[in-house]
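Below, each value reflects all heavy atoms present in this structure, side chains not excepted, and no hydrogens, waters or symmetry copies. Here the structure is a predicted model, which is why all the values come from computation and not from measurement. Below, chains carry the letters A, B, ... as their sequence lines are ordered, and counting in each starts from 1.
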Number of protein chains: 2
Amino acid sequence: MPVKKIPETTISRLFLYLRKVTELSKLSMKRVSSAELGESLNLGAAQVRKDLGYFGQFGVSGSGYVVTELKEKLSKILSKHKTFNVAIVGTGHLGSALLAYSGFEKQGLNLVAAFDTDVNKIGKQLQGVEIESVSDMKDIIKEKKILLGIIAVPAKGAQDVADILTNAGVKCILNFAPKHLNVPEEVKVRDVDLSRELEMLSYFLGNGKKVKL
Amino acid sequence: MPVKKIPETTISRLFLYLRKVTELSKLSMKRVSSAELGESLNLGAAQVRKDLGYFGQFGVSGSGYVVTELKEKLSKILSKHKTFNVAIVGTGHLGSALLAYSGFEKQGLNLVAAFDTDVNKIGKQLQGVEIESVSDMKDIIKEKKILLGIIAVPAKGAQDVADILTNAGVKCILNFAPKHLNVPEEVKVRDVDLSRELEMLSYFLGNGKKVKL
DNA sequence: ATATTGTTGTGATTTTTTTCACAGATTTCG
DNA sequence: CGAAATCTGTGAAAAAAATCACAACAATAT
């Protein structure tokens with residue numbers, strides 16, 4: 001395999017292409033050009049082609065990409081067929097909203113456990129999942145072979161939770177706490193930092209690009 | 001004003017520095033070096049200095065940055081003193097969780113309106129905010145001078161909502177719908193695409209970096 | 001058949017972002 | 001005080017990512 005290193009930004013765009021191409025396939029569109037693919041995503045045609053190019057050549061000169069074929073290839077590249085077990089830590093407002101989120105299954109993710117420290121919550125069910133104690137987390141994660149952990153606890157406890165998760169063998173973390181997590185190199189973390197997003201927007205509102213001290 | 005163009009990534013890191021420096025100031029630490037600042041954030045010292053360098057020079061050779069001073073400067077740069085009005089559109093699980101989120105005030109954001117299309121919800125209160133009809137949205141946004149809109153509706157309706165928002169004068173959008181929004185150039189959008197985050201992680205779980213077709 | 005048009009794949013170029021590296025300033029220590 | 005250690009600010013270099021530009025090929029029109 002000619003393993004060129006693929007930029008993470010490319011991977012991330014691939015999902016957008018897959019979405020789009022799925023949409024197009026529902027509309028029974030046969031073919032699509034790189035320009036069309038990029039258009040509504042505000043991406044240049046060259047960008048699209050380069051991204052796809054990392055994975056071999058499945059376009060047809062002169063007529064673009066065959067929608068169904070592209071969809072299938074992207075699906076395969078992006079491992080949309082595999083499934084993994086997931087745990088949520090923290091069942092506050094955000095954690096609960098996530099438990100109710102229907103998108104997990106679509107991504108091949110089985111939400112099989114939820115944890116909290118609040119004794120009033122432990123034992124209760126939420127969206128068909130029983131809330132268990134964080135103190136039992138390590139064992140349960142190992143037992144259920146959970147590979148992906150979602151952290152939805154306050155910043156203060158986030159690093160501790162991350163430590164337990166990685167210790168128990170979790171490979172990826174989706175972190176909602178506004179706190180940078182230090183984890184072993186082989187563990188992949190993605191941050192969803194709501195606080196920072198709001199701050200960024202607030203910054204743009206306040207500065208409209210120009211900076212004054 | 002020597003308006004060098006400042007990378008958005010820099011701005012985004014500035015918030016992390018501010019967080020850190022706020023923490024340090026609570027610990028009564030007097031000074032901090034670029035190396036220390038970057039350390040727990042996995043950022044190099046040079047990166048930190050360069051980021052701060054965009055806004056003038058407020059470090060002291062040989063001894064680093066004065067914590068309180070840096071905190072204040074960052075605060076100022078990042079417009080942490082100004083406040084703006086915010087509306088949430090969509091009061092499902094996610095929207096409700098957001099309404100309950102306490103972080104808005106901290107960012108100087110006043111959550112002053114919530115909208116939904118569901119007639120059963122309209123008129124009810126959620127976290128002290130009355131849910132109003134999307135059909136009245138345009139007027140209310142203008143009237144309350146709302147500059148930031150948060151979209152927490154399904155992908156299908158997201159573009160329509162974005163259109164109404166921008167039309168009513170909203171300057172920034174925080175978009176939770178898994179859909180790319182087309183908006184006028186002067187409007188700033190930030191996407192929080194949960195679906196894509198999960199997909200990305202799922203990809204890493206499945207591929208552990210290497211790609212096979 | 002041949003010309004024309006449309007579109008891919010990719011090397012080259014440009015732009016953006018990060019990292020390096022070091023002069024010059026400050027503090028500390030003997 | 002003078003030497004050694006610590007840091008910043010920043011130009012230069014490197015790395016990463018996006019964009020350009022064009023040869024090669026396919027489809028369509030004449």
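Screening B/Glu39, B/Gln47, B/Lys50, B/Arg49 for a side-chain hydrogen bond (donor to acceptor under 3.5 Å, both in side chains) with B/Ser34, the sole residue that qualifies is B/Arg49. Here the options are A/Leu148, A/Leu181, A/Val161, the test is side-chain contact (heavy atoms from CB on, under 4.5 Å), and the partner is A/Ile173; only A/Leu181 passes.
Regarding B/Leu70, its CG atom lies at a distance of 10 Å from the P atom of D/dG9, rounded to whole Å. Distance CG (A/Leu52) to C1' (D/dA17): 16 Å, rounded to an integer number of Å. Straight-line distance from the CZ atom of B/Phe55 to the C1' atom of D/dT10: 16 Å, rounded to whole Å. Rounded to a whole Å, the NZ atom of A/Lys30 is 22 Å from the P atom of C/dG6. We find that CZ of B/Phe58 is positioned 11 Å from P of D/dT10, with the value rounded to whole Å.
Mapping B/Ala45 and A/Val60 onto DNA chain D by nearest heavy atom places B/Ala45 at the nucleotide closer to the 5' end. Along DNA chain C, the nucleotide closest to A/Gly62 and the one closest to A/Gly59 are compared, and the more 5′ of them pairs with A/Gly62.
Looking only at atom types and distance, the side chain of A/Asp163 has no donor-acceptor partner in the side chain of A/Asn182 under 3.5 Å away. With no hydrogens or angles considered, no side-chain donor-acceptor pair links B/Ser202 and A/Lys82 at under 3.5 Å. For B/Asn175 and B/Asp193, the side-chain atoms include no donor-acceptor pair closer than 3.5 Å.
Under 4.0 angstrom from either OP1 or OP2 of D/dG9 there lies at least one side-chain N or O belonging to B/Tyr65. Contact check, B/Ser34 against D/dT8: a side-chain N or O comes under 4.0 Å of OP1 or OP2. Using a 4.0 Å cut-off, no side-chain N or O of B/Gln57 falls inside it from OP1 or OP2 of C/dA25.
Pairing each heavy atom of B/Arg13 with each of A/Arg196, the nearest pair is N-NH1, 4.1 Å.
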Distances for protein N/O vs nucleotides 17-20 of chain C N/O pairs under 3.5 angstrom?
| from | atom 1 | to | atom 2 | distance (Å) |
| --- | --- | --- | --- | --- |
| C/dT18 | OP1 | B/Arg13 | NH1 | 3.0 |
| C/dT18 | OP2 | B/Arg13 | NH2 | 2.8 |
| C/dT19 | OP2 | B/Gln47 | OE1 | 3.4 |
| C/dT19 | O4 | B/Lys50 | NZ | 3.4 |

